[in-house]
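Read through the structure below, which is laid out as structure tokens, and then see the notes.
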Amino acid sequence: MGQELFRMEGISKSFPGVKALDHVSLSVNKGEVLGLVGENGAGKSTLMKILSGVYRADEGEIFIEGEKVVIDSVAKAHELGVSIIMQELNMCGHLSVADNIFIGRAPKKGIFIDDKRMHKEAKAILDDLGIELDTYAMVGSLSIAKQQMVEIAKAISFNSKILVLDEPTATLTEREIDQLFEIIGRLKEKGVGMVYISHRMAELNRICERVTIIRDGQYIGTRNLSDITMDELVNMIVGRALEDKYPKHKRTIGDIVLEARNVRRGDKVNADHFFVRKGEILGISGLVGAGRTELMRCIFGADHADSMELWIEGKPVKIHSVIQAIRNGIGYATEDRKRDGLALGLDIKYNTNMAHLPQISHFGFVDDKAGLENAEKYVRLLHTKTPSVHQLCRNLSGGNQQKVVLAKWLCNDVKVLIVDEPTRGIDVGAKYEVYELFNQLSDQGVAIIMISSELPEILGMSDRILVIHQGEINGELDAKTATQEQILYLAAGYNKLEGKPAPTLSHEA
């Protein structure tokens, strides 16, 4: 074991109505990546925000290289060599890579910024990390993965010796994850100590030797990953054994609820035909950029389709807008819940009732009491962890934010619920709850279309699987007999299905 770099002891923090942390401790050695795991709302991000100066602890002590320190601001954290890369990247899209790295502290020549020196120093940092980027490129034009690399370069420019990475791979492709891990490897060699927050167990096994577990704001333990099984780790995280990652359920599947033909949008979407039945979970798989989300955005009226024929329960419908989709009983829980699914600055009550206002309004006035009762009902049903429905959504954990997004559509009695990456960035316990909720909805006859990049999830929860390649449906698989290899084969563009007869449909009879 290496030399200790920093230690947090007995950290406690309370917010109005909730004790977020209760005497939590952890330590990280030089050149170590420590995994930090726990359910959504367990207090992981709060603990790291205390380390990085965003919050100040109510109790507890922090030691860096054996010396007790007081971190009362982000500036103080930077001064002590602590940086955090948050899930929501803090970049200025209209500025260059170099500007972002040195924002607020650019090298100067007299009273003017020394632009040439700034770009030279930015390039030296990027080269040292093995990152190939044009320092003059506008950050807004870069992919999320590249923006994240700029954030890491910015952290290193502060001479950070402690780096916190909060769910850094949530929106990255496999190749981008590999690049990120290469950078983490270089930082380890330089003696940088890192805390890596993730729900992806395979990633923890790949880059961490030890993992610290917290649950409901309390320290549960620290284990060597080589000494613990995945089942034992999951048990420590959720406080109970999960019999299976995917709850076993026998579904009763009925008639076709939604059918689509000839869905076209530019060169992104070219789907000839698909359908989903009452009580069925239809998995949508494919590589990143294959057109899965674009296809469903057309169905939901969020994007204009060049052509599209739709039937709901056998009746032809026209959907040119989101409002028309909602009126026809379609809901859509988006992939990016923070940007597209929630009004983060507003409370749970408002967000739950956002698409439900006509049902709780009389003569143009919203019935506030009905809205309150509706929001409280879904907090209870979905086991959302919150002091009250008046809590702002930005203060909720990722898993609880996802529950609010689902509540928004469930209270509309949807016939078809489209869920895009429904468990991205949420922990194993919350995932299980979401899966159980999907099973309950299928029992009520809701047809669920689930887009997911996680193949075990697609196989574990779907009844049928459609695989998309370059905007086209390249194959349909029965989830009971399908394998990951078959899905990947179809996703890569092999085995195009030609002339496969469509089933006899009710409206054609």
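Model, not experiment: these values are computed from the prediction. Along the sequence shown, the residues carry numbers beginning at 1.
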Using the salt bridge (Lys or Arg N to Asp or Glu O under 4.0 Å) criterion, which residues pair with D306? Sequence neighbours excluded. none

Counting only heavy atoms not in I323, do more than 12 sit closer than 6.0 Å to its CD1 atom? no

Backbone N/O of C92 and side chain of N100: donor-acceptor pair under 3.5 Å: yes

Any ion pair linking K385 and D216 (charged N to carboxylate O, less than 4.0 Å)? yes

Have S452 and E457 got a donor and an acceptor in their side chains that come within less than 3.5 Å? yes

Sequence neighbours excluded, which residues qualify as salt bridge (Lys or Arg N to Asp or Glu O under 4.0 Å) partners of D255? none

Where the side chain of N353 meets the backbone of G371, is there a donor-acceptor pair that is under 3.5 Å apart? yes

ring-ring contact (aromatic ring centres under 6.0 Å, His included) partners of Y332, counting only residues at least two apart: F300

Going by ring-ring contact (aromatic ring centres under 6.0 Å, His included), name the residues that satisfy it together with F274, two or more places apart in sequence or in a different chain. none

Salt bridge (Lys or Arg N to Asp or Glu O under 4.0 Å) partners of K349, counting only residues at least two apart: D368

Taking the side chain as C-beta and beyond, is there a heavy-atom pair between W311 and I256 under 4.5 Å? no

Using the side chain to side chain donor-acceptor pair (under 3.5 Å) criterion, which residues pair with D22? Sequence neighbours excluded. Q218

Across all chains, not counting sequence neighbours, the side chain to side chain donor-acceptor pair (under 3.5 Å) partners of E309 are N262

List for me each residue that meets side chain to side chain donor-acceptor pair (under 3.5 Å) alongside E232, sequence neighbours excluded, and say none if there are none. T229

Taking only residues two or more places apart in sequence or in another chain, which ones pass salt bridge (Lys or Arg N to Asp or Glu O under 4.0 Å) with D272? R264

Okay, side chain of Q401, backbone of C393: is any donor-acceptor separation there less than 3.5 Å? yes

Side-chain donor/acceptor of N474 to backbone N/O of V467, under 3.5 Å: no

Taking R265 for the side chain and C298 for the main chain, is one N or O donor matched with an acceptor at less than 3.5 Å? no

Closest heavy-atom contact between A155 and L163? CB-CD1, 3.7 Å

Hey, could you give me each pair passing salt bridge (Lys or Arg N to Asp or Glu O under 4.0 Å) that has a residue in residues 459-471? Not counting sequence neighbours. R251-D463, E280-R464, R464-E476

Could you list the residues that satisfy side chain to side chain donor-acceptor pair (under 3.5 Å) with T384, not counting sequence neighbours? none

ring-ring contact (aromatic ring centres under 6.0 Å, His included) pairs, two or more places apart, involving residues 442-464: none

Can you find a heavy atom in the side chain of D347 that is under 4.5 Å from one in the side chain of V389? no

Any donor-acceptor pair under 3.5 Å linking the side chain of E294 with the backbone of G471? no

Tell me whether the count of non-hydrogen atoms from other residues, nucleotides or ligands lying under 6.0 Å of NZ in K278 goes above 12. no

